**Student:** 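There's a structure below that I have some questions on.
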Protein chains: 2
Amino acid sequence: MLSQTCIYGIQTCIFLALPEQVEKRVRVSTIAEELHISPTFLSKIVNQLVQVGILKSVRGVSGGTWLAKPAQEIKAVDIVLAIDGNRIFNECLLGLPGCNDRNPCPFHQQWSNVRLQLLAMFQSSTLDTLAAKVNDLDLRIRQHKNNDH
Amino acid sequence: MLSQTCIYGIQTCIFLALPEQVEKRVRVSTIAEELHISPTFLSKIVNQLVQVGILKSVRGVSGGTWLAKPAQEIKAVDIVLAIDGNRIFNECLLGLPGCNDRNPCPFHQQWSNVRLQLLAMFQSSTLDTLAAKVNDLDLRIRQHKNNDH
DNA sequence: CGAAATAAAGATAAAAGACTCTTAAAACTA
DNA sequence: TAGTTTTAAGAGTCTTTTATCTTTATTTCG
Ligand code: FES
Ligand code: FES
(Lines give C-alpha, C1' and ligand atoms only; values in the text may rest on other atoms or scores of the structure.)
(Ligands and ions follow the chains in the order given, each with its own letter.)
Protein backbone atom coordinates (compact mmCIF):
# COMPACT_ATOMS: atom_id res chain seq x y z
CA MET A 1 0.00 0.00 0.00
CA LEU A 2 2.43 2.67 1.23
CA SER A 3 6.18 2.12 0.90
CA GLN A 4 8.12 1.69 4.13
CA THR A 5 9.89 4.94 3.30
CA CYS A 6 6.56 6.75 3.15
CA ILE A 7 5.40 5.21 6.43
CA TYR A 8 8.58 6.42 8.13
CA GLY A 9 8.00 9.87 6.66
CA ILE A 10 4.46 10.05 8.03
CA GLN A 11 5.50 8.78 11.45
CA THR A 12 8.30 11.33 11.57
CA CYS A 13 6.02 14.23 10.68
CA ILE A 14 3.42 13.20 13.26
CA PHE A 15 6.19 12.91 15.83
CA LEU A 16 7.43 16.41 15.00
CA ALA A 17 3.87 17.73 15.36
CA LEU A 18 3.52 16.47 18.93
CA PRO A 19 3.43 19.25 21.56
CA GLU A 20 6.78 18.17 23.02
CA GLN A 21 8.61 18.65 19.75
CA VAL A 22 6.77 21.35 17.87
CA GLU A 23 8.76 24.54 17.34
CA LYS A 24 11.96 22.75 18.33
CA ARG A 25 14.90 21.46 16.35
CA VAL A 26 14.90 17.69 16.75
CA ARG A 27 17.91 15.60 15.81
CA VAL A 28 17.35 12.88 13.21
CA SER A 29 19.08 10.46 15.57
CA THR A 30 16.52 11.25 18.27
CA ILE A 31 13.58 10.63 15.96
CA ALA A 32 15.22 7.47 14.68
CA GLU A 33 15.64 6.17 18.19
CA GLU A 34 12.06 7.00 19.22
CA LEU A 35 10.51 5.46 16.13
CA HIS A 36 12.96 2.54 15.74
CA ILE A 37 14.24 3.58 12.34
CA SER A 38 17.81 3.39 11.06
CA PRO A 39 19.28 6.89 11.54
CA THR A 40 21.06 7.14 8.20
CA PHE A 41 18.02 5.83 6.37
CA LEU A 42 15.77 8.32 8.11
CA SER A 43 18.22 11.07 7.25
CA LYS A 44 17.51 10.51 3.57
CA ILE A 45 13.76 10.56 4.11
CA VAL A 46 13.96 13.78 6.10
CA ASN A 47 16.00 15.24 3.30
CA GLN A 48 13.33 14.31 0.76
CA LEU A 49 10.73 16.08 2.86
CA VAL A 50 13.00 19.12 3.18
CA GLN A 51 13.31 19.30 -0.62
CA VAL A 52 9.53 19.59 -1.05
CA GLY A 53 9.10 22.13 1.73
CA ILE A 54 7.42 19.99 4.35
CA LEU A 55 10.36 19.99 6.78
CA LYS A 56 13.29 22.29 7.42
CA SER A 57 16.67 21.25 8.70
CA VAL A 58 20.06 22.65 9.63
CA ARG A 59 23.31 20.83 10.09
CA GLY A 60 25.85 21.12 12.83
CA VAL A 61 25.79 21.55 16.57
CA SER A 62 22.25 22.25 17.80
CA GLY A 63 21.04 21.35 14.35
CA GLY A 64 18.06 19.17 13.61
CA THR A 65 14.80 19.12 11.72
CA TRP A 66 11.33 20.58 12.24
CA LEU A 67 8.06 21.24 10.47
CA ALA A 68 8.39 23.90 7.81
CA LYS A 69 4.78 25.02 8.33
CA PRO A 70 2.20 24.96 11.12
CA ALA A 71 0.93 21.42 11.71
CA GLN A 72 -2.59 22.24 10.59
CA GLU A 73 -1.27 23.26 7.16
CA ILE A 74 0.46 19.94 6.44
CA LYS A 75 -1.70 17.07 5.25
CA ALA A 76 -0.83 13.39 5.14
CA VAL A 77 -1.48 13.47 1.40
CA ASP A 78 1.39 15.92 0.97
CA ILE A 79 3.80 13.43 2.49
CA VAL A 80 2.45 10.53 0.46
CA LEU A 81 2.71 12.50 -2.77
CA ALA A 82 6.24 13.64 -1.92
CA ILE A 83 7.52 10.14 -1.26
CA ASP A 84 5.34 7.62 -3.11
CA GLY A 85 3.96 9.95 -5.78
CA ASN A 86 0.39 9.82 -7.01
CA ARG A 87 0.50 6.25 -8.29
CA ILE A 88 -1.78 4.90 -5.60
CA PHE A 89 -4.35 7.57 -6.39
CA ASN A 90 -4.60 7.04 -10.13
CA GLU A 91 -3.16 3.63 -10.96
CA CYS A 92 -5.26 0.80 -12.36
CA LEU A 93 -5.93 -2.01 -9.91
CA LEU A 94 -4.69 -4.43 -12.55
CA GLY A 95 -1.65 -2.30 -13.34
CA LEU A 96 -2.90 -1.46 -16.84
CA PRO A 97 -1.61 1.80 -18.31
CA GLY A 98 -3.90 4.77 -18.79
CA CYS A 99 -6.51 4.19 -16.10
CA ASN A 100 -9.50 6.44 -16.75
CA ASP A 101 -13.25 6.34 -17.30
CA ARG A 102 -12.87 6.11 -21.08
CA ASN A 103 -10.68 3.04 -20.94
CA PRO A 104 -11.79 1.05 -17.92
CA CYS A 105 -10.92 -2.43 -16.73
CA PRO A 106 -13.59 -4.53 -14.98
CA PHE A 107 -12.63 -3.15 -11.57
CA HIS A 108 -12.39 0.49 -12.62
CA GLN A 109 -15.68 1.83 -11.32
CA GLN A 110 -15.46 0.26 -7.89
CA TRP A 111 -11.75 0.80 -7.55
CA SER A 112 -12.16 4.48 -8.43
CA ASN A 113 -14.54 4.82 -5.50
CA VAL A 114 -12.14 3.13 -3.10
CA ARG A 115 -9.31 5.34 -4.34
CA LEU A 116 -11.38 8.45 -3.80
CA GLN A 117 -12.07 7.43 -0.23
CA LEU A 118 -8.39 6.75 0.24
CA LEU A 119 -7.53 10.16 -1.14
CA ALA A 120 -10.14 11.78 1.09
CA MET A 121 -8.62 10.06 4.08
CA PHE A 122 -5.16 11.43 3.37
CA GLN A 123 -6.47 14.85 2.41
CA SER A 124 -8.52 15.26 5.56
CA SER A 125 -5.67 14.15 7.81
CA THR A 126 -3.66 17.18 8.90
CA LEU A 127 -0.67 16.74 11.13
CA ASP A 128 -2.30 18.61 14.00
CA THR A 129 -5.29 16.25 13.91
CA LEU A 130 -3.08 13.19 13.76
CA ALA A 131 -0.78 14.44 16.49
CA ALA A 132 -3.77 15.31 18.67
CA LYS A 133 -5.03 11.74 18.35
CA VAL A 134 -1.66 10.40 19.38
CA ASN A 135 -1.33 12.87 22.23
CA ASP A 136 -4.87 13.13 23.59
CA LEU A 137 -6.25 9.70 22.80
CA ASP A 138 -2.94 7.97 23.39
CA LEU A 139 -2.97 6.35 19.97
CA ARG A 140 0.28 4.84 18.79
CA ILE A 141 2.59 5.72 15.94
CA ARG A 142 5.14 3.01 16.58
CA GLN A 143 5.31 -0.57 17.77
CA HIS A 144 5.71 -0.11 21.50
CA LYS A 145 4.25 2.86 23.30
CA ASN A 146 6.78 5.41 24.51
CA ASN A 147 6.64 5.18 28.30
CA ASP A 148 9.80 7.06 29.19
CA HIS A 149 8.29 10.52 29.68
CA MET B 1 -1.65 -2.75 -3.68
CA LEU B 2 -1.85 -6.18 -5.29
CA SER B 3 1.31 -8.08 -6.16
CA GLN B 4 2.05 -8.59 -9.85
CA THR B 5 1.58 -12.31 -9.28
CA CYS B 6 -1.90 -11.70 -7.93
CA ILE B 7 -2.78 -9.42 -10.84
CA TYR B 8 -1.71 -12.12 -13.30
CA GLY B 9 -3.81 -14.62 -11.38
CA ILE B 10 -6.91 -12.45 -11.59
CA GLN B 11 -6.40 -11.71 -15.28
CA THR B 12 -5.96 -15.39 -15.99
CA CYS B 13 -9.13 -16.36 -14.16
CA ILE B 14 -11.17 -13.67 -15.92
CA PHE B 15 -9.75 -14.84 -19.23
CA LEU B 16 -10.74 -18.43 -18.48
CA ALA B 17 -14.26 -17.25 -17.60
CA LEU B 18 -14.81 -15.63 -21.00
CA PRO B 19 -17.38 -17.44 -23.19
CA GLU B 20 -14.71 -18.45 -25.71
CA GLN B 21 -12.71 -20.35 -23.12
CA VAL B 22 -15.15 -21.53 -20.52
CA GLU B 23 -15.49 -25.32 -20.30
CA LYS B 24 -12.36 -25.76 -22.42
CA ARG B 25 -8.83 -26.79 -21.59
CA VAL B 26 -6.65 -23.79 -22.31
CA ARG B 27 -2.87 -24.10 -22.58
CA VAL B 28 -0.83 -21.95 -20.20
CA SER B 29 1.22 -20.83 -23.20
CA THR B 30 -1.95 -19.56 -24.88
CA ILE B 31 -3.01 -17.56 -21.84
CA ALA B 32 0.52 -16.23 -21.43
CA GLU B 33 0.57 -15.05 -25.03
CA GLU B 34 -2.86 -13.40 -24.81
CA LEU B 35 -2.10 -11.62 -21.55
CA HIS B 36 1.59 -10.89 -22.21
CA ILE B 37 2.89 -12.88 -19.30
CA SER B 38 5.98 -15.06 -19.18
CA PRO B 39 4.74 -18.64 -19.77
CA THR B 40 6.86 -20.32 -17.10
CA PHE B 41 6.01 -17.67 -14.57
CA LEU B 42 2.33 -18.02 -15.31
CA SER B 43 2.68 -21.77 -15.00
CA LYS B 44 3.65 -21.34 -11.36
CA ILE B 45 0.74 -19.01 -10.69
CA VAL B 46 -1.72 -21.40 -12.31
CA ASN B 47 -0.30 -24.14 -10.17
CA GLN B 48 -0.89 -22.07 -7.01
CA LEU B 49 -4.51 -21.62 -8.01
CA VAL B 50 -4.82 -25.33 -8.73
CA GLN B 51 -3.56 -26.10 -5.21
CA VAL B 52 -6.37 -24.07 -3.62
CA GLY B 53 -9.07 -25.48 -5.86
CA ILE B 54 -9.77 -22.46 -8.05
CA LEU B 55 -8.36 -23.98 -11.24
CA LYS B 56 -7.84 -27.48 -12.52
CA SER B 57 -5.14 -28.59 -14.90
CA VAL B 58 -3.81 -31.62 -16.69
CA ARG B 59 -0.46 -32.18 -18.38
CA GLY B 60 0.32 -33.69 -21.70
CA VAL B 61 -1.12 -33.50 -25.16
CA SER B 62 -4.45 -31.65 -25.17
CA GLY B 63 -3.74 -30.70 -21.58
CA GLY B 64 -4.31 -27.26 -20.17
CA THR B 65 -6.08 -25.44 -17.38
CA TRP B 66 -9.65 -24.39 -16.67
CA LEU B 67 -11.92 -23.12 -13.91
CA ALA B 68 -12.51 -25.72 -11.22
CA LYS B 69 -15.97 -24.32 -10.50
CA PRO B 70 -18.66 -22.36 -12.35
CA ALA B 71 -17.57 -18.75 -12.86
CA GLN B 72 -20.32 -17.38 -10.63
CA GLU B 73 -18.94 -19.36 -7.71
CA ILE B 74 -15.42 -17.92 -7.89
CA LYS B 75 -14.89 -14.50 -6.37
CA ALA B 76 -11.96 -12.17 -6.90
CA VAL B 77 -11.37 -12.24 -3.16
CA ASP B 78 -10.64 -15.99 -3.38
CA ILE B 79 -7.81 -15.32 -5.81
CA VAL B 80 -6.42 -12.45 -3.75
CA LEU B 81 -6.46 -14.52 -0.57
CA ALA B 82 -4.86 -17.48 -2.34
CA ILE B 83 -1.96 -15.45 -3.70
CA ASP B 84 -1.46 -12.35 -1.54
CA GLY B 85 -3.11 -13.62 1.64
CA ASN B 86 -5.25 -11.47 3.89
CA ARG B 87 -2.59 -8.88 4.72
CA ILE B 88 -4.22 -6.11 2.70
CA PHE B 89 -7.50 -6.72 4.50
CA ASN B 90 -6.24 -6.54 8.07
CA GLU B 91 -2.86 -4.83 8.07
CA CYS B 92 -2.21 -1.47 9.72
CA LEU B 93 -1.73 1.41 7.30
CA LEU B 94 1.46 2.28 9.17
CA GLY B 95 2.61 -1.34 9.25
CA LEU B 96 2.25 -1.57 13.02
CA PRO B 97 1.64 -5.06 14.39
CA GLY B 98 -1.71 -6.03 15.85
CA CYS B 99 -4.08 -3.72 14.01
CA ASN B 100 -7.46 -3.72 15.77
CA ASP B 101 -9.96 -1.39 17.40
CA ARG B 102 -8.40 -1.80 20.85
CA ASN B 103 -4.96 -0.73 19.74
CA PRO B 104 -5.46 1.81 16.96
CA CYS B 105 -3.05 4.11 15.20
CA PRO B 106 -4.25 7.58 14.11
CA PHE B 107 -5.43 6.26 10.75
CA HIS B 108 -7.15 3.16 12.06
CA GLN B 109 -10.77 4.26 11.96
CA GLN B 110 -10.70 5.70 8.47
CA TRP B 111 -8.41 3.01 7.11
CA SER B 112 -10.69 0.30 8.47
CA ASN B 113 -13.51 1.80 6.45
CA VAL B 114 -11.47 1.89 3.27
CA ARG B 115 -10.37 -1.69 3.82
CA LEU B 116 -13.96 -2.81 4.27
CA GLN B 117 -14.90 -1.20 0.99
CA LEU B 118 -11.95 -2.88 -0.65
CA LEU B 119 -12.99 -6.24 0.75
CA ALA B 120 -16.57 -5.65 -0.39
CA MET B 121 -15.29 -4.91 -3.88
CA PHE B 122 -13.38 -8.18 -4.12
CA GLN B 123 -16.15 -10.16 -2.46
CA SER B 124 -18.85 -8.88 -4.78
CA SER B 125 -16.76 -9.50 -7.90
CA THR B 126 -17.48 -12.95 -9.23
CA LEU B 127 -15.71 -14.20 -12.29
CA ASP B 128 -18.89 -14.34 -14.33
CA THR B 129 -19.60 -10.66 -13.58
CA LEU B 130 -16.05 -9.63 -14.41
CA ALA B 131 -15.97 -11.71 -17.58
CA ALA B 132 -19.33 -10.32 -18.64
CA LYS B 133 -17.98 -6.79 -18.32
CA VAL B 134 -15.00 -7.69 -20.46
CA ASN B 135 -17.12 -9.50 -23.01
CA ASP B 136 -20.27 -7.38 -23.19
CA LEU B 137 -18.95 -3.93 -22.39
CA ASP B 138 -15.64 -4.56 -24.12
CA LEU B 139 -13.65 -3.66 -21.02
CA ARG B 140 -10.00 -4.60 -21.05
CA ILE B 141 -7.98 -7.01 -18.95
CA ARG B 142 -4.64 -6.37 -20.63
CA GLN B 143 -2.69 -3.55 -22.18
CA HIS B 144 -3.84 -3.70 -25.79
CA LYS B 145 -7.27 -4.94 -26.74
CA ASN B 146 -7.33 -8.34 -28.41
CA ASN B 147 -8.44 -7.65 -31.97
CA ASP B 148 -7.56 -10.95 -33.59
CA HIS B 149 -10.96 -12.67 -33.29
C1' DC C 1 5.32 -48.98 -26.51
C1' DG C 2 7.39 -44.69 -28.42
C1' DA C 3 6.98 -39.95 -29.72
C1' DA C 4 5.19 -35.56 -29.00
C1' DA C 5 2.99 -32.16 -26.21
C1' DT C 6 2.27 -29.95 -22.05
C1' DA C 7 2.25 -28.74 -17.00
C1' DA C 8 5.33 -29.01 -12.75
C1' DA C 9 9.47 -28.26 -10.42
C1' DG C 10 14.13 -26.66 -9.47
C1' DA C 11 17.80 -23.68 -10.07
C1' DT C 12 19.28 -19.36 -11.56
C1' DA C 13 19.07 -14.42 -12.77
C1' DA C 14 17.50 -9.65 -12.83
C1' DA C 15 15.24 -5.74 -10.69
C1' DA C 16 13.47 -3.16 -7.02
C1' DG C 17 13.08 -1.90 -2.31
C1' DA C 18 14.99 -1.50 2.19
C1' DC C 19 18.76 -0.69 4.79
C1' DT C 20 24.02 0.18 6.00
C1' DC C 21 28.60 2.10 5.83
C1' DT C 22 31.65 5.66 4.82
C1' DT C 23 32.87 10.17 3.60
C1' DA C 24 31.77 15.01 2.85
C1' DA C 25 29.67 19.39 3.93
C1' DA C 26 27.78 22.69 6.95
C1' DA C 27 26.91 25.00 11.31
C1' DC C 28 27.89 26.08 15.88
C1' DT C 29 31.31 26.86 19.86
C1' DA C 30 35.06 28.54 21.95
C1' DT D 1 40.54 29.18 13.14
C1' DA D 2 40.16 24.48 15.05
C1' DG D 3 37.19 21.12 16.81
C1' DT D 4 32.79 19.00 17.40
C1' DT D 5 28.30 17.89 16.10
C1' DT D 6 24.98 16.94 12.89
C1' DT D 7 22.77 16.60 8.22
C1' DA D 8 23.85 15.34 3.18
C1' DA D 9 25.44 12.32 -0.23
C1' DG D 10 27.46 8.29 -2.48
C1' DA D 11 28.36 3.64 -2.86
C1' DG D 12 27.43 -0.84 -1.41
C1' DT D 13 24.71 -4.89 0.78
C1' DC D 14 20.69 -7.70 1.76
C1' DT D 15 16.14 -9.31 0.89
C1' DT D 16 12.02 -9.90 -1.67
C1' DT D 17 9.70 -9.93 -5.87
C1' DT D 18 9.62 -10.90 -10.55
C1' DA D 19 11.14 -13.46 -14.37
C1' DT D 20 13.91 -16.95 -17.02
C1' DC D 21 16.12 -21.32 -18.13
C1' DT D 22 16.43 -26.17 -17.76
C1' DT D 23 14.89 -30.53 -16.48
C1' DT D 24 11.29 -33.73 -15.05
C1' DA D 25 6.77 -35.81 -14.87
C1' DT D 26 2.42 -36.74 -16.98
C1' DT D 27 -0.87 -37.35 -20.68
C1' DT D 28 -2.42 -38.36 -25.31
C1' DC D 29 -2.03 -40.51 -29.70
C1' DG D 30 -0.38 -43.34 -33.28
S1 FES E 1 -8.50 0.91 -15.70
FE2 FES E 1 -8.28 -0.55 -14.14
S3 FES E 1 -8.82 0.57 -12.39
FE4 FES E 1 -9.03 2.08 -13.96
S1 FES F 1 -3.65 0.12 13.86
FE2 FES F 1 -3.06 1.27 12.14
S3 FES F 1 -4.66 0.92 10.77
FE4 FES F 1 -5.26 -0.29 12.46
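Values below: all heavy atoms of this structure, side chains included; hydrogens, waters and symmetry mates excluded. So you know, we letter chains A, B, ... as the sequences are listed, proteins then strands, and number each from 1. Just so you know, these numbers come straight off a predicted model, no measurement behind them.
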**Student:** Which is the 5'-most and which the 3'-most nucleotide of DNA chain D that has an atom under 4.0 Å from a heavy atom of chain A?
**Tutor:**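 Contact boundaries, 5' end first: D:dT4 to D:dG10.
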**Student:** Could you state the atom-to-atom distance from CG of B:Leu49 to P of C:dA7 in whole Å?
**Tutor:** 14 Å
**Student:** When the distance from OH of A:Tyr8 to C1' of C:dC19 is rounded to whole Å, what number comes out?
**Tutor:** 8 Å
**Student:** May I ask you to check whether over 12 heavy atoms, not counting those of B:Gln51, lie within 6.0 Å of atom CD?
**Tutor:** yes
**Student:** Step through the shown structure and confirm whether more than 12 heavy atoms of other residues, nucleotides or ligands are within 6.0 Å of CD on A:Gln4.
**Tutor:** yes
**Student:** Would you compute the distance between atom CG of A:Asp128 and atom CG of A:Leu67 and round it to the nearest 0.5 angstrom?
**Tutor:** 10.5 Å
**Student:** Does a side-chain N or O from B:Asn47 land closer than 4.0 Å to OP1 or OP2 of C:dA7, or not?
**Tutor:**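 B:Asn47 to C:dA7 OP1/OP2: no side-chain N or O under 4.0 Å.
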**Student:** Classify the nucleic acid contact of B:Thr5 as base, sugar-phosphate or nothing, counting any heavy atom under 4.0 Å across all strands shown.
**Tutor:** sugar-phosphate
**Student:** Among residues 55-62 of chain A, which ones have heavy-atom contacts with DNA chain D below 4.0 Å?
**Tutor:** A:Ser57, A:Val58, A:Arg59, A:Gly60, A:Val61
**Student:** Mind listing the N/O atom pairs, protein and nucleotides 20-22 of chain C, below 3.5 Å?
**Tutor:**
from, atom 1, to, atom 2, distance (Å)
C:dT20, OP2, A:Ser38, OG, 2.6

**Student:** Once you round it to whole Å, what is the distance between C1' of C:dA18 and CD1 of A:Ile45?
**Tutor:**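 From A:Ile45 CD1 to C:dA18 C1': 9 Å.
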**Student:** Could you tell me whether the side chain of A:Ser125 and the main chain of A:Met121 form a donor-acceptor pair under 3.5 Å?
**Tutor:**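 Looks like yes, one N/O pair under 3.5 Å.
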**Student:** Tell me, yes or no, whether the heavy-atom count around A:Gln123 atom CD, taken from other residues, nucleotides or ligands under 6.0 Å, exceeds 12.
**Tutor:** yes
**Student:** Between the main-chain N or O of B:Gly63 and the side-chain N or O of B:Arg27, is there a donor-acceptor pair closer than 3.5 Å?
**Tutor:** no
**Student:** Send over the distance from B:Gln4 CD to C:dA16 C1', rounded to a whole Å.
**Tutor:** 13 Å
**Student:** Other members of the hydrophobic cluster containing B:Leu116, with the 4.5 Å side-chain heavy-atom rule, please.
**Tutor:**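 For B:Leu116, no cluster forms, as it stays isolated from other hydrophobic side chains.
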**Student:** With side chain to side chain donor-acceptor pair (under 3.5 Å) as the rule and sequence neighbours excluded, what pairs involving residues 78-92 of chain B come up?
**Tutor:** B:Ser3-B:Asp84
**Student:** Starting from C1' on C:dA27, measure out to CZ on A:Arg27 and report it in whole angstrom.
**Tutor:**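 Taking atom C1' of C:dA27 as the reference, CZ of A:Arg27 is at 14 Å.
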**Student:** Give the rounded distance in Å between these two atoms: CG of A:Leu42 and P of C:dC19.
**Tutor:** 11 Å
**Student:** Find the distance A:Ile83:CD1 to C:dA18:P and express it as a whole number of Å.
**Tutor:**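 Rounded to whole Å, this separation is 11 Å.
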**Student:** Which hydrophobic side chains are connected to B:Val61, either touching it within the sub-4.5 Å cutoff or through other members that do?
**Tutor:**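 When side chains under 4.5 Å apart are linked, B:Val61 ends up in no cluster with other residues.
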**Student:** Could you check whether atom CD of B:Gln72 has more than 12 heavy atoms from other residues, nucleotides or ligands sitting under 6.0 Å from it?
**Tutor:** yes
**Student:** Can a donor-acceptor pair be found between the side chains of B:Thr126 and B:Thr129 at a distance below 3.5 Å?
**Tutor:** yes
